[in-house]
Enquirer: 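A single structure is presented below for examination.
Computed from heavy atoms alone, side chains included, the values below leave out hydrogens, waters and symmetry copies. Residue numbers count from 1 along this sequence.
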Amino acid sequence: QVQLVESGGGLVQPGGSLTLACTTSGFTLDYWAIGWFRQAPGKEREAVSCIAQSDGITFSTDSMKGRYTMSKDNGKNTTYLQLNNLKLEDTAVYYCAAGRTACRYRLAAAREYAYWGQGTQVTVSS
């Protein structure tokens with residue numbers, strides 16, 4: 001059974017950092033790309049970043065450039081998203097997703113992912 005479980009969300013002050021984790025099971029992470037999405041109240045879900053299947057190349061939305069680091073640890077079946085210099089507008093539920101062919105040349109859209117986690121809340125507030 002395929003599962004993705006996000007963790008690491010919480011309350012952080014503006015300018016702070018958080019590291020989100022996406023732990024997967026039921027498939028071999030080596031052969032899958034992982035994406036992170038977020039959805040704020042009253043807004044549509046948006047792609048945040050993704051990491052390619054095998055070569056570790058990452059892509060992000062423009063608002064995250066220079067503020068994120070994404071990595072995969074295939075041995076631990078876990079993908080990480082480090083968020084730095086967080087802003088109030090980063091407040092959202094963050095979801096990870098897995099797709100075989102996603103994130104090859106660009107930030108992938110939601111339709112390119114087959115499996116999704118339940119989400120973790122990130123709140124940026126002073």
Side-chain angles (χ1 to χ4, degrees):
Q1 181 181 0
V2 172
Q3 278 193 313
L4 289 81
V5 179
E6 302 93 338
S7 61
L11 175 65
V12 62
Q13 291 186 340
S17 298
L18 276 178
T19 297
L20 307 182
C22 175
T23 301
T24 61
S25 59
F27 61 93
T28 303
L29 184 58
D30 306 52
Y31 306 122
W32 291 73
I34 298 294
W36 283 94
F37 292 77
R38 66 186 179 188
Q39 187 165 20
K43 295 189 176 182
E44 293 187 354
R45 180 177 52 187
E46 65 169 340
V48 175
S49 65
C50 66
I51 187 165
Q53 179 192 95
S54 58
D55 54 15
I57 292 177
T58 65
F59 300 93
S60 77
T61 187
D62 287 345
S63 67
M64 273 296 167
K65 282 186 168 60
R67 301 196 294 127
Y68 85 107
T69 302
M70 194 169 174
S71 61
K72 282 174 81 185
D73 186 335
N74 293 329
K76 294 184 178 180
N77 294 319
T78 302
T79 305
Y80 302 96
L81 175 65
Q82 181 178 341
L83 303 170
N84 301 313
N85 189 21
L86 283 161
K87 304 176 181 180
L88 297 176
E89 53 265 39
D90 293 321
T91 294
V93 177
Y94 283 70
Y95 301 89
C96 64
R100 285 295 300 271
T101 59
C103 198
R104 281 184 172 174
Y105 309 109
R106 54 171 172 70
L107 184 63
R111 64 180 181 275
E112 299 179 60
Y113 295 92
Y115 302 107
W116 292 80
Q118 294 300 307
T120 185
Q121 176 71 47
V122 172
T123 302
V124 184
S125 174
S126 56

Enquirer: Do the side chain of Glu46 and the main chain of Arg38 share a donor and acceptor less than 3.5 angstrom apart?
Expert: no

Enquirer: Does Ser125 use its side chain to pair, donor to acceptor, with the backbone of Thr123 at less than 3.5 Å?
Expert: no

Enquirer: Does Tyr31 share a hydrophobic cluster with Met70, counting links as ILVMFWY side-chain heavy atoms below 4.5 Å and allowing steps through other members?
Expert: yes

Enquirer: Between Ile34 and Leu81, is the side chain to side chain contact (heavy atoms under 4.5 Å, CB included) condition met? List the steps.
Expert: CA-CA 10 Å; Ile34 298 294; Leu81 175 65; over 6 Å; no

Enquirer: Determine whether Thr24 and Thr79 satisfy the following criterion, side chain to side chain contact (heavy atoms under 4.5 Å, CB included), listing intermediate values before the conclusion.
Expert: CA-CA 8 Å; Thr24 61; Thr79 305; 5.6 Å; no

Enquirer: Take Glu112 and Arg106 through the salt bridge (Lys or Arg N to Asp or Glu O under 4.0 Å) test and state the conclusion after the steps.
Expert: CA-CA 12 Å; Glu112 299 179 60; Arg106 54 171 172 70; 2.9 Å; yes

Enquirer: Are the side chain of Gln82 and the backbone of Thr19 linked by a donor-acceptor contact shorter than 3.5 Å?
Expert: no

Enquirer: Considering only heavy atoms from C-beta outward, does the side chain of Asn77 approach that of Ser25 to under 4.5 Å?
Expert: no

Enquirer: Drop me the distance from Thr120's OG1 to Trp36's CH2, to the nearest 0.5 angstrom.
Expert: 7.5 Å

Enquirer: Is it true that a side-chain atom of Thr91 and a backbone atom of Val124 form a donor plus acceptor pair closer than 3.5 Å?
Expert: yes

Enquirer: Please go through Trp116's hydrophobic cluster and name the other residues, only I, L, V, M, F, W, Y counting, with side-chain heavy atoms under 4.5 Å joining them.
Expert: Phe37, Val93, Tyr95, Tyr113

Enquirer: Using a 3.5 Å distance criterion without hydrogens, assess whether the side chain of Lys72 forms a donor-acceptor pair with backbone atoms of Ile51.
Expert: no

Enquirer: When you group the ILVMFWY residues by side-chain heavy-atom contacts below 4.5 Å and let the links chain together, are Val12 and Leu83 in the same group?
Expert: yes

Enquirer: Using distance alone, with no hydrogens and no angle criterion, decide if Asn84 and Ser17 have a side-chain donor and acceptor under 3.5 Å apart.
Expert: yes

Enquirer: Assess the residue pair Asp62 and Lys65 against the criterion (salt bridge (Lys or Arg N to Asp or Glu O under 4.0 Å)); give the C-alpha distance rounded to whole Å, side-chain angles, the decisive distance to 0.1 Å, and a yes or no.
Expert: CA-CA 5 Å; Asp62 287 345; Lys65 282 186 168 60; 3.1 Å; yes

Enquirer: Nearest 0.5 Å please: distance from the OG1 atom of Thr69 over to the CE atom of Met64.
Expert: 11.0 Å

Enquirer: Does CD belonging to Gln118 count more than 12 external heavy atoms closer than 6.0 Å?
Expert: no

Enquirer: Donor-acceptor pair, Gln53 side chain versus Arg100 backbone, under 3.5 Å?
Expert: yes

Enquirer: Would Trp32 and Tyr115 count as a close aromatic pair, with their ring centres under 6.0 Å?
Expert: yes

Enquirer: For a quick test of reading the model, state the closest non-hydrogen atom pair linking Ala40 to Ala92 and the distance between them.
Expert: N-CB, 3.8 Å

Enquirer: Side chains of Val122 and Asp90: closer than 4.5 Å at any heavy-atom pair?
Expert: no

Enquirer: For the pair Val48 and Tyr68, evaluate side chain to side chain contact (heavy atoms under 4.5 Å, CB included) and give the outcome as yes or no after the intermediate values.
Expert: CA-CA 9 Å; Val48 175; Tyr68 85 107; over 6 Å; no

Enquirer: Could you give the distance from NZ (Lys87) to OG (Ser63), rounded to the nearest 0.5 Å?
Expert: 7.5 Å

Enquirer: Quick one: disulfide (SG to SG under 2.5 Å) pairs with a partner in residues 64-126, sequence neighbours left out?
Expert: Cys22-Cys96, Cys50-Cys103

Enquirer: Taking side chain as C-beta onward, heavy atoms only, is Leu29 less than 4.5 Å from Lys76?
Expert: no

Enquirer: State, with a plain yes or no, whether a side-chain heavy atom of Leu4 is found less than 4.5 Å away from one of Phe27.
Expert: yes

